Amino acid sequence: MPKVPKWMADAMESLFSGSYHPVTVTEVNYLEAELKHVRFEGDFSASKRKFRPGNVIEFRINETEFRHYTPSLFDHGRGVCDVLFYLHGMGPGSDWAATLKKGDGLKLLGPGGKLKFDINANDHFVFGDETSLGLMQSMYRAAEAQDTTCECLVELDSNHIAWTDLVDIPIHPVAKSPKGKAVTALPEVDCFLQRSDRHKTAFYLTGNAKSIQVIRKHLVNSGITASQIQSDPYWVEGKTGL
Ligand SMILES: Cc1cc2nc3c(=O)[nH]c(=O)nc-3n(C[C@H](O)[C@H](O)[C@H](O)COP(=O)(O)OP(=O)(O)OC[C@H]3O[C@@H](n4cnc5c(N)ncnc54)[C@H](O)[C@@H]3O)c2cc1C
């Protein structure tokens with residue numbers, strides 16, 4: 001629901017007021033000029049759903065538009081939610097995130113969404129791009145807490161390759177290739193499949209919708225069952241706000 005008429009956005013806010021949690025921006029850190037960590041604090045006790053890593057939140061970014069983001073940390077009890085924003089400068093969501101500053105008051109919607117950490121899997125494999133770094137942090141920590149493994153593979157613009165050093169978990173980077181979506185990622189996926197117990201692994205595919213399609217097809221052709229794969233496209237060229 002990226003864009004709705006203003007009257008509808010207003011009506012939703014009052015009709016579903018229990019799902020909108022007032023929050024304040026309490027911390028802002030630029031890990032890089034285009035990678036911004038923001039901490040939101042508020043009272044999440046009224047939240048209907050308990051956060052599972054992989055779940056998403058939503059913000060109304062202007063009078064008519066909403067955008068989704070994936071917390072790198074969501075602590076109901078302490079009322080803390082961290083998000084890593086990729087400021088790509090290509091749309092209103094990115095422009096809105098660029099303006100966030102300490103002391104801002106907003107309404108956080110959620111958590112919700114379809115993708116979630118699989119507590120029954122022995123191993124976890126997360127694929128994504130610049131927009132998935134926060135997701136990877138939360139998945140990795142969930143796996144660590146369960147004493148299971150989590151491998152993260154990220155495809156980045158070549159000038160962003162060093163970004164994996166900016167987050168506090170191991171992430172394997174590959175540079176996006178002009179030859180096509182996920183071209184550089186596929187050999188890394190194969191390496192993972194060879195060294196892991198592929199049938200006991202949960203796969204989470206996020207980021208660019210076309211890259212997800214390529215990786216998903218490759219996994220299925222490699223014998224991974226559809227039930228092992230969760231995917232959540234975060235963006236696609238030429239489309240506004242997924
Ligand atoms: C479920 C979900 C979870 C998400 N979690 C996160 C998150 O944790 N952190 C985060 O930063 N983003 C996340 N995103 C993506 C984020 O919502 C988009 O970046 C946001 O929609 C950007 O909105 P926008 O208005 O700037 O651009 P949009 O309106 O979405 O897109 C406008 C145009 O900008 C271009 N564009 C959009 N995104 C990118 C990109 N990443 N790289 C290059 N060009 C792009 C495309 O050409 C697109 O047509 C998530 C999205 C979804 C659906």
Side-chain angles (χ1 to χ4, degrees), residues 1-4 9 23 25 28-40 49 51-74 80-100 106 108-117 126-142 152 154-161 163-164 166-167 169 171 173 175-178 181-182 185 204-213 230-242:
M1 188 197 46
K3 188 161 188 158
V4 296
V23 290
V25 174
V28 170
N29 301 304
Y30 283 88
L31 308 185
E32 263 290 339
E34 295 171 299
L35 189 63
K36 183 173 182 177
H37 161 258
V38 178
R39 171 159 288 186
F40 304 93
R49 185 157 156 181
F51 177 80
R52 286 264 294 274
N55 285 172
V56 292
I57 55 169
E58 225 176 326
F59 289 103
R60 184 174 174 182
I61 57 152
N62 58 36
E63 289 196 334
T64 57
E65 291 179 278
F66 293 80
R67 291 292 183 269
H68 288 98
Y69 294 95
T70 320
S72 56
L73 176 135
F74 192 100
V80 172
C81 172
D82 287 348
V83 175
L84 273 184
F85 292 98
Y86 172 36
L87 308 179
H88 48 75
M90 306 280 280
S94 174
D95 294 346
W96 166 83
T99 66
L100 289 176
L106 334 146
L108 179 156
L109 186 54
K114 55 181 181 165
L115 193 142
K116 56 180 184 298
F117 183 79
V126 189
F127 170 78
D129 63 14
E130 284 89 348
T131 58
S132 315
L133 294 170
L135 164 81
M136 290 175 179
Q137 285 183 306
S138 104
M139 290 299 213
Y140 186 89
R141 289 190 189 120
C152 300
V154 67
E155 59 168 11
L156 298 169
D157 285 346
S158 51
N159 55 329
H160 298 156
I161 282 294
W163 282 14
T164 52
L166 305 173
V167 289
I169 58 156
I171 300 181
K176 289 174 197 168
S177 165
K181 292 292 180 188
Y204 313 91
L205 311 182
T206 65
N208 180 269
K210 292 177 186 164
S211 294
I212 290 176
Q213 272 177 358
Q230 298 184 53
S231 43
D232 205 357
Y234 285 1
W235 69 281
V236 66
E237 288 85 354
K239 271 209 164 181
T240 42
L242 293 188

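Keep in mind the model is a prediction, meaning the values are calculated, not measured. First listed ligand is number 1; within each ligand, the first listed atom is number 1. Position 1 is the first residue of the sequence; numbering continues from there.
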- Query: Is there a nitrogen or oxygen of G238 sitting under 3.5 Å from a nitrogen or oxygen of ligand 1?
  - Reply: yes
- Quick one: look at M90 and ligand 1, take heavy-atom pairs under 4.0 Å, and tell me if it's side chain, backbone, both or neither. both
- Message: List ligand 1 atoms under 4.0 Å from G91, heavy atoms only on the residue side.
- Response: 24 (P), 25 (O), 26 (O), 27 (O)
- Query: What part of V56, side chain, backbone, both or neither, has a heavy atom within less than 4.0 angstrom of ligand 1?
  - Reply: side chain
- Message: Strictly distance-based, threshold 3.5 Å: is any side-chain N or O of T70 a donor or acceptor partner for the main-chain N or O of L135?
- Response: no
- Query: Heavy atom under 4.0 Å from ligand 1: found in K239's side chain, backbone, both, or neither?
  - Reply: backbone
- Message: Counting only heavy atoms closer than 4.0 Å, does ligand 1 sit against the backbone of L84, its side chain, both, or neither?
- Response: backbone
- Task: Distance to 0.1 Å, residue and atom name: give those for the protein heavy atom nearest to atom 8 (O) of ligand 1.
- Result: T70 N, 2.9 Å
- Please write down residue, atom name and distance for the protein heavy atom closest to atom 7 (C) of ligand 1. T131 O, 3.2 Å
- Which segment of L115 sits under 4.0 Å of ligand 1 when only heavy atoms are counted: neither
- Task: Would you kindly specify which portion of P233 sits under 4.0 Å from ligand 1, judged on non-hydrogen atoms: side chain, backbone, both or neither?
- Result: backbone
- Query: atom 26 (O) of ligand 1: which protein heavy atom is closest, and how many Å away?
  - Reply: S94 N, 2.8 Å
- Task: Among all protein heavy atoms, pick the one closest to atom 38 (N) of ligand 1 and tell me residue, atom and distance.
- Result: H88 NE2, 3.3 Å
- Item | atom 2 (C) of ligand 1: the protein heavy-atom neighbour that sits closest, reported with distance to 0.1 Å | Y234 CD1, 3.3 Å
- Note on the structure: The answer for which part of H68 has a heavy atom under 4.0 Å from ligand 1 is both
- Student check: side-chain heavy atoms of L31 and L133 closer than 4.5 Å: no
- Item | atom 53 (C) of ligand 1: nearest protein contact (heavy atom, Å) | L242 O, 3.2 Å
